[in-house]
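The chains referred to below are lettered A, B, ... by the order of the sequence lines, with proteins before strands, and numbering in each begins at 1.
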There are 2 protein chains.
Amino acid sequence: MPSTPRERARVDTMRRILESGNRQLAEQGAAALSLRAVARDLGMVSSAVYRYVPSRDDLLTALITEGYRDVAQVAESAAAGRAAPGRRFVALCEAIYGWAREHPHRYALIFGSPVPGYRAPQDTITDAARTPAAAIQLIETAWAAGELDDPESPPASAGLRRQAKELRTALGTQLPEAVLLRFAAAWTQVFGVISFDLFGQFVGSFEPGDAVCAFTFRTAARTIGFRD
Amino acid sequence: MPSTPRERARVDTMRRILESGNRQLAEQGAAALSLRAVARDLGMVSSAVYRYVPSRDDLLTALITEGYRDVAQVAESAAAGRAAPGRRFVALCEAIYGWAREHPHRYALIFGSPVPGYRAPQDTITDAARTPAAAIQLIETAWAAGELDDPESPPASAGLRRQAKELRTALGTQLPEAVLLRFAAAWTQVFGVISFDLFGQFVGSFEPGDAVCAFTFRTAARTIGFRD
DNA sequence: CACAATAAAGAGCAGTGCTCTTGATTTGTC
DNA sequence: GACAAATCAAGAGCACTGCTCTTTATTGTG
């Protein structure tokens with residue numbers, strides 16, 4: 001469909017802009033991402049880039065979306081296989097962790113402090129939901145097979161139970177609300193420990209952080225109710 | 001000791017610079033923090049600020065240190081009292097959460113993605129350690145009173161056990177290494193859920209996030225071994 | 001071929017961090 | 001009290017940023 005050579009040149013330039021942006025991101029971080037640098041990198045004038053990307057924030061959005069898709073793909077392929085769901089959950093966590101260590105700036109862009117004045121558009125949410133969805137599917141597998149324990153949980157407030165119920169219908173899952181709550185607590189644990197490691201909060205205590213991450217991933221799995 | 005009026009003027013100007021910087025931080029975030037804006041705010045010329053603050057990053061460092069002290073003070077006073085250690089731990093978490101919601105930009109500055117090119121100097125670590133130290137003291141209190149449960153933990157690797165042992169001597173605590181590991185896993189959970197809420201990761205699921213935070217704090221307390 | 005759509009270029013505005021020099025003021029000492 | 005020394009505010013300037021505008025060149029199509 002991209003018949004005309006002009007159009008082909010356009011999509012190619014667009015792809016090169018995204019590539020260069022990702023390079024900038026990986027090398028110097030989000031704050032150093034500048035359209036001028038992208039233009040320099042590509043050997044074109046800065047104003048020309050604005051024909052492809054409306055603004056710097058839009059370039060950031062494009063890179064964020066790409067990052068969400070990337071990490072989701074990594075997580076999904078790690079969750080595949082025939083191993084026990086609990087082991088696959090830990091593998092999923094380790095896959096996210098590996099991706100994060102490989103692309104710390106992209107991880108920070110997605111799961112770190114939001115860039116001020118930037119509001120993630122709605123369509124990023126669907127991509128963002130893919131990763132937790134992969135984890136939830138593992139939980140469902142274990143639950144359907146009756147392999148999910150039911151560890152004692154703290155009491156949930158009425159408001160929280162309502163939120164969980166709404167989420168249950170929104171996800172279209174059969175899982176009990178209590179499991180969803182435990183998943184939420186465990187999920188924040190997974191990203192909490194990854195962020196602690198990547199953002200330097202373990203400096204002076206658990207360094208390097210891969211061991212404490214692995215331990216925490218297993219702790220999170222137990223929190224959910226996975227065996228083994 | 002504030003002898004000379006020149007010196008008094010200097011410390012006063014320094015204090016006003018920090019105040020203005022904190023205002024900028026609260027209103028527009030770390031990325032928007034500019035020495036020129038501080039100078040404008042204070043009615044002085046931009047170059048004059050450089051006589052007080054060597055660079056923008058140094059101003060950031062000063063604000064970070066102040067933030068660490070602030071949150072530590074909030075946590076410590078929340079941990080005080082005669083209630084059961086478990087309840088005080090949850091109160092400590094809630095206090096951190098409250099502080100974070102009150103000062104989201106300062107929280108992001110401290111616990112969010114690190115600003116690129118910025119390396120936290122060593123003396124911030126001592127202030128940073130105060131908050132977890134307050135939590136650990138609660139654990140010690142419960143443990144000394146024999147009120148700390150010993151929930152089953154996943155196995156820890158040899159490297160992790162060594163790190164825990166080193167941390168144990170560094171902290172000068174009597175707590176078993178297994179408890180320290182559980183604390184690490186729980187601590188990341190606490191900050192994980194706070195960050196999820198503040199950084200917008202709960203959009204579309206648990207919104208508002210105070211209920212899931214409260215639930216997760218209690219889950220973290222159980223992970224450590226607190227009763228009730 | 002001619003015309004319209006599109007791309008690239010360049011200039012320019014307002015902002016940033018930071019450095020340097022210049023002149024003014026205050027300070028401690030003789 | 002006078003004077004050199006230390007300190008300060010101010011301004012100009014450099015290189016960079018995001019972004020907008022106008023002008024020129026290129027391309028595809030009627």
Side-chain angles (χ1 to χ4, degrees), chain A residues 1-18 20-25 27-64 105 109 114-119, chain B residues 1-18 20-25 27-64 105 109 114-119:
Chain A
M1 211 65 162
S3 39
T4 141
R6 167 167 272 171
E7 191 139 351
R8 294 195 304 124
R10 179 166 187 89
V11 302
D12 184 65
T13 305
M14 186 68 194
R15 184 188 53 78
R16 285 171 56 207
I17 287 178
L18 284 182
S20 174
N22 245 325
R23 252 198 312 276
Q24 301 272 331
L25 203 62
E27 284 165 11
Q28 280 130 20
L33 176 69
S34 94
L35 283 186
R36 279 184 138 101
V38 169
R40 250 197 317 273
D41 187 33
L42 264 52
M44 59 202 294
V45 95
S46 69
S47 56
V49 183
Y50 281 88
R51 298 219 154 253
Y52 295 86
V53 178
S55 77
R56 177 187 180 272
D57 278 13
D58 286 83
L59 177 57
L60 224 48
T61 299
L63 295 176
I64 287 176
H105 290 113
L109 187 61
V115 280
Y118 172 81
R119 179 114 191 120
Chain B
M1 217 56 171
S3 41
T4 139
R6 164 168 271 170
E7 191 139 347
R8 295 197 304 124
R10 181 167 184 87
V11 303
D12 185 66
T13 305
M14 188 65 194
R15 184 187 53 78
R16 287 171 57 205
I17 287 179
L18 284 182
S20 175
N22 246 324
R23 254 198 310 276
Q24 301 273 330
L25 204 62
E27 284 164 12
Q28 280 130 19
L33 176 68
S34 93
L35 283 187
R36 280 185 137 100
V38 169
R40 251 197 314 274
D41 187 32
L42 266 51
M44 57 201 294
V45 97
S46 70
S47 55
V49 183
Y50 281 89
R51 299 216 157 254
Y52 294 87
V53 177
S55 77
R56 177 186 179 270
D57 279 12
D58 286 82
L59 177 57
L60 223 50
T61 299
L63 295 176
I64 288 176
H105 290 113
L109 187 61
V115 281
Y118 172 81
R119 179 111 190 121

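- Between the CG atom of A:Asp57 and the P atom of D:dT17 there is a distance of 16 Å, rounded to whole Å.
- Nucleic acid contact class of A:Ser55 (heavy atoms, under 4.0 Å, all strands): sugar-phosphate only.
- In the interface, the side chain of A:Arg51 is paired with the base of C:dA8 through a donor and an acceptor atom under 3.5 Å apart.
- Shortest non-hydrogen contact noted between B:Gly29 and B:His105 is CA-CD2, 3.3 Å.
- Under the 4.5 Å side-chain criterion, counting only non-hydrogen atoms from C-beta, A:Met44 is in contact with A:Tyr52.
- The side chain of B:Ser34 lies closest to C:dT16 when the candidates are C:dT16, D:dA9, C:dC18.
- B:Leu33 comes within 4.0 angstrom of the backbone, heavy atoms only, and of no base.
- The side-chain heavy atoms of A:Val53 and A:Val38, taken from C-beta on, include no pair separated by under 4.5 Å.
- The two residues B:Ala39 and B:Ser46 have their closest heavy-atom pair at CB-CA, 3.6 Å.
- Side-chain contact between B:Arg10 and B:Met14 is absent, with no heavy-atom pair separated by less than 4.5 Å.
- Taking all atoms of both residues into account, the shortest heavy-atom contact from B:Gln24 to B:Ala37 is OE1-CB, 3.4 Å.
- Of all heavy-atom pairs between B:Leu33 and B:Arg56, the closest is O-NE, 2.7 Å.
- Mapped onto DNA chain D by nearest heavy atom, B:Val49 and A:Ser46 fall at different nucleotides, with B:Val49 at the one closer to the 5' end.
- When distances run from any side-chain atom of B:Ala48 to the nucleotides C:dA8, D:dC19, D:dA9, the shortest one goes to D:dA9.
- Of the residues in residues 35-43 of chain B, those lying under 4.0 Å from DNA chain D by heavy-atom distance are B:Arg36.
- Residue B:Ser47 places no side-chain atom within donor-acceptor reach of the base of D:dA9, judged by atom type and a 3.5 Å distance cut-off alone.
- The separation between B:Met14 atom CE and D:dT7 atom P is 16 Å, rounded to whole Å.
- Taking atom CE on B:Met44 and atom P on D:dG11, their separation rounds to 13 Å, with Å as the unit.
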Using atom names, set out every protein N or O paired with an N or O of nucleotides 26-30 of chain D below 3.5 Å, distance rounded to 0.1 Å.
residue	atom	partner	partner atom	Å
D:dT26	O2	A:Arg6	NH2	3.3
D:dT27	O4'	A:Arg6	NH2	3.4

*Yes or no on side chain to side chain donor-acceptor pair (under 3.5 Å) for A:Thr61 and A:Asp58, after CA distance, side-chain angles and deciding distance?*
CA-CA 5 Å; A:Thr61 299; A:Asp58 286 83; 5.5 Å; no
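- Atom P of nucleotide D:dC8 and atom CZ of B:Arg16 are separated by 14 Å, given to the nearest angstrom.
- Between A:Arg56 and D:dC19 there is no side-chain polar atom (N or O) within less than 4.0 angstrom of OP1 or OP2.
- B:Arg8 has its CZ atom 15 Å from the P atom of D:dC8, to the nearest Å.
- Between the CD atom of A:Gln24 and the P atom of D:dC16 there is a distance of 14 Å, rounded to whole Å.
- Contact annotation: the side chain of B:Leu59 approaches that of B:Leu18 to within less than 4.5 Å [non-hydrogen atoms, C-beta and beyond].
- B:Ser20 places no side-chain N or O within 3.5 Å of a backbone atom of B:Arg16 that could act as its donor or acceptor partner.
- The phosphate of D:dA9 (OP1 or OP2) has a side-chain N or O of B:Tyr52 nearer than 4.0 angstrom.
- Computed from coordinates, the A:Tyr50 OH to C:dA11 C1' distance equals 15 Å when rounded to whole Å.
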